[in-house]
Amino acid sequence: MMTTSDHMSAPTAVLRTVVLTVGLLLVGVAGLGVATDGFHAFTTETARRVAVHRNPPAVPATVPLVNQDGVHFTLADLQGKWVLVDFVYTRCMTICTVLGADFAQLERELAEPIAQDRIQLLSISFDLARDTPAELASYLTRFRGAGPGWQAAIPLTDDGLARLEDAFGITVIPDKMGGYTHNAAIHLVDPTGRLVDIFDLGQRDQVRAALQRELAS
Amino acid sequence: MTAQMLVQIPLLLMAGILLVPVIPTRLRARAARWDQGGVSGLVLATLAMAFWMLPRSLDASTTDPLVALAKFLTVPLLIGLPLAFSWPRAGFIVRGVFLTEFVATFFRLGWLYRVSPIRLCNNYGLGDQQRLGNYMLWIGGGLLAWLALKLLAGNFKSLSPSSSPGAPG
Amino acid sequence: MSILYPQNEMLESRERMVLNLYLVTSLVLFLVMMVLGLLMRLAQGAWMDMSPTLFYQVMTAHGAGMVGTAALASSAVMWFFLRKYVPLKTSIFLANYVLFMIGAVLLLVAIFIGKFAGAWTFLYPLPVQSLGVWSVGSAVLFMVGFLIIGVGFLLFYLDAMRGVIRVYGNLGRGLGLQWLFSGTVDPDHPKTVVASTMVIIVNSLGILGGAVVIVMSLINAYDPEIALNALFAKNLIYFFGHVFINITIYMAVIGVYELLPRYTGRRWGMSRPFLWAWAASTLMVMIVYPHHLLMDFAMPRWMAVTGQVISYTSGLPVFTVTAYGALTNIHRSRMRWRIPAMLLILSMFGWAAGIVPAIIDATISVNHVMHNTLWVPGHFHFYLLLGVLPMQFAFMYHLIGRDTDRSVSRSDRLGFWMYLSGGLAFVFMFLAGGHASVPRRWATHFPGWQVYDQVASLSAALVIVALSLFTVRICLGLMHTPSSAEPAPAGD
């Protein structure tokens with residue numbers, strides 16, 4: 001190419017540019033395709049749903065938790081049941097109240113399998129600084145989540161919380177009013193302790209349908 | 001979000017622009033043979049910009065240090081550098097298409113950020129997202145006004161019949 | 001006698017080939033779209049069975065097809081004359097054609113295979129909420145088709161912009177803004193450049209608006225949770241849509257400025273009022289679109305009022321200078337009465353008369369009762385069928401002129417009068433229907449309304465026969481014109 005004369009250079013440069021541009025476009029579009037899981041997931045929130053569907057991750061089974069009655073347990077203790085998990089903080093006045101209402105409703109709708117000990121609802125608080133077993137208990141009372149079918153819990157350590165957040169894909173950022181902004185969803189963990197599905201707020205019907213399908217099979 | 005998109009990324013981009021003179025002239029001359037009319041460089045920059053416009057990428061760059069590193073490397077090298085390298089060679093039409101799309105993107109993203117009921121990035125609040133949307137609409141409007149003024153009343157020495165084709169900017 | 005075919009309008013063989021592509025495609029598309037129009041009128045008149053689903057598909061195709069084709073043919077007129085004054089690239093002109101055809105195929109697939117029937121205005125959120133009549137995929141295909149056509153026109157305008165800037169310094173000087181208040185107006189400053197510059201400015205912005213709203217609609221189609229403000233989307237769509245269709249006349253009128261003086265044998269000078277008119281219209285064409293939204297009660301009141309006022313004045317400046325200029329140019333001239341000249345005169349009449357129903361409809365109190373009636377199709381068919389199209393046909397007939405140089409052939413004369421009478425009867429049936437409160441965009445009409453539809457069908461058939469004559473004549477003429485560059489003979 002060094003010997004290309006000026007006379008020849010314009011057409012070859014056009015050709016090379018066309019080749020390079022087409023190549024760049026192919027690589028670029030393919031790259032964007034990979035980066036968005038085949039143009040499905042443009043946001044982190046969709047991405048974690050897609051990832052979970054493709055390859056259900058195991059949830060950290062050994063993180064020590066304490067529930068609203070002060071009882072210590074880990075997620076391993078819940079294996080053998082389908083577990084619905086959401087992440088909240090008890091002072092939350094916005095999105096967590098919607099989640100709470102969803103859980104209360106689900107507890108009633110799924111009363112039968114819950115009574116058979118096949119389903120467990122679990123709200124995990126990420127506000128280690130403020131939430132205590134007593135706060136959790138009053139949170140549950142607020143939504144009339146009385147029975148053993150719906151428990152609330154806090155991780156005992158910051159490290160445990162970080163591992164849970166990482167596994168479930170939860171991002172918590174402090175808002176400027178002493179509260180938090182966080183992504184809210186209902187997570188479905190199967191009896192072997194794998195996170196198999198994530199549902200949006202308000203998708204209660206889909207959650208119930210998925211569970212009924214799983215329990216029937 | 002505002003700080004990342006309107007301060008950090010533009011600064012990184014400028015760093016890339018400043019890198020052009022560092023590249024040896026010989027290398028630049030060889031690259032130019034693959035960049036007739038600046039098309040390849042602008043396409044490369046556009047694709048890289050598209051990647052860093054994905055909310056996922058922005059999110060990941062604040063939580064994953066590897067992605068952050070990728071951002072600090074690719075925004076200067078794959079956006080700023082090719083932009084600055086190819087722009088002088090781009091003709092009026094190539095620049096026009098690029099700028100039209102650039103302005104339109106500001107309007108689209110601004111509009112999107114304003115109306116999206118969901119937070120597009122998990123690391124940023126809705127308020128931040130909407131504020132950024134407003135800023136982007138203003139920036140898009142400002143760019144458009146500047147381009148319109150330039151085209152209506154500006155000076156285009158490079159386009160005069162005596163010199164080679166060039167364009168605004 | 002003035003020269004009909006100046007040397008600097010000669011076409012090289014490549015240029016001729018591309019121009020012929022534009023012209024033949026336009027004529028064929030016009031014919032097909034007119035047949036679709038006829039089918040709609042037949043269905044409304046109960047002379048033909050057509051399911052409402054198919055009717056709306058046909059309506060969508062007719063609207064999108066006519067708007068696109070009118071723009072295609074008009075841009076050929078602009079290209080042909082503008083290239084005399086500023087350098088234009090044939091490759092870009094060709095690229096616009098290729099992108100147009102790709103886009104057109106997508107539109108047709110979306111409509112006739114994907115069953116998209118949301119009208120050419122793709123008004124949010126109709127395209128993605130079809131209640132199952134068509135899929136979101138076909139709505140997406142339709143909008144992508146528009147996007148591709150828009151990119152083609154953008155390339156064409158950018159090329160023209162580059163040319164104008166290269167020769168005149170900037171767009172302001174192309175428009176002649178420097179002579180608005182003072183200085184001696186250059187008598188040789190081409191009207192073609194003034195009109196083209198206006199078109200470039202206005203339609204680039206229109207396409208930008210369209211590109212924004214189409215991509216946002218696509219995002220909404222992908223994720224319905226991202227709901228757009230419907231009123232804002234409508235504003236942008238009509239800004240884009242109004243500008244795009246309106247601009248077809250401002251491109252085609254270049255043919256009037258260039259050709260009329262040749263047929264009258266009189267100079268048509270440049271003047272300060274002419275520049276003022278085009279400068280004013282540049283602004284007004286962009287802000288007049290709210291007259292499409294006068295029935296949207298949520299629109300800010302000031303916008304509606306502006307829409308009404310600007311509607312009265314928007315078209316007027318350019319129309320006035322053009323019509324006045326044309327009349328003084330014709331008055332006591334030794335006009336060469338050939339087909340191009342006759343079509344040019346017809347176009348001035350169609351433009352003038354087409355404005356009247358528009359102004360009536362733009363009055364808010366009238367608009368509230370008239371806007372959803374056939375009155376509005378009456379207005380824009382008047383303006384397009386008898387204003388814009390005759391300008392384009394005049395240009396085409398002029399191009400093949402050497403054949404028609406000596407005299408007007410009998411078939412051309414017959415075609416002209418058939419087109420004029422059929423066209424008039426056709427648009428008056430729309431206006432009469434509107435006057436009788438017949439709603440527009442209804443697939444099925446009550447028996448009391450059908451008489452308008454039936455007369456309109458007959459007149460449409462007449463127009464189609466006339467256009468077929470034009471098409472055969474022009475296509476044969478274009479084929480006979482030698483493909484290589486050759487000096488065209490001067491007029492008589």
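Bear in mind that the values here come from a model prediction, so they are computed numbers and not experimental data. Naming: A, B, ... by sequence-line order, numbering from 1 per chain.
- Counting heavy-atom neighbours within 6.0 Å of B:R114 CZ, excluding the residue itself, gives a total of 12 or less.
- Inter-residue side-chain proximity for C:N229 and B:V115 is flagged as unmet; no heavy-atom pair is nearer than 4.5 Å.
- Residue C:V164: no heavy atom, backbone or side chain, is found under 4.5 Å from chain B.
- With a 4.5 angstrom heavy-atom cutoff, C:I200 does not touch chain B via any of its atoms.
- Only the side chain of C:L154 comes within less than 4.5 Å of a heavy atom in chain B; its backbone stays farther off.
- Heavy atoms from other residues, nucleotides or ligands lying under 6.0 Å from OH of B:Y135 number 12 at most.
- Contacts of C:N220 with chain B are absent, with no heavy-atom separation under 4.5 Å from either backbone or side chain.
- Across C:M216 and B:R108, no two heavy atoms sit closer than the pair SD-O, 3.4 Å.
- Per-residue counts of heavy-atom pairs under 4.5 Å with chain B were compared for C:I226, C:L208, C:V212; the largest is that of C:V212.
- Between chain B and the residues C:I201, C:I207, C:L205, C:N170, the largest count of heavy-atom pairs under 4.5 Å involves C:N170.
- Between the CD1 atom in B:I93 and the CG atom in C:D159 there is a gap of 4.0 Å [rounded to 0.5 Å].
- B:L152 CG to C:R173 CZ: the interatomic distance, rounded to the nearest 0.5 Å, is 12.5 Å.
- A heavy-atom distance below 4.5 Å is found between the side chains of C:V213 and B:W111.
- With a 4.5 angstrom heavy-atom cutoff, C:A211 touches chain B via backbone and side-chain atoms both.
- With chain B as the partner, the residue from C:S204, C:G209, C:G169, C:G174 showing the most heavy-atom pairs under 4.5 Å is C:G169.
- Heavy atoms closer than 4.5 Å to chain B are found in the side chain of C:L177, but not in its backbone.
- Of all the listed residues (C:L155, C:I219, C:L228), the one sharing the greatest number of non-hydrogen pairs under 4.5 Å with chain B is C:L228.
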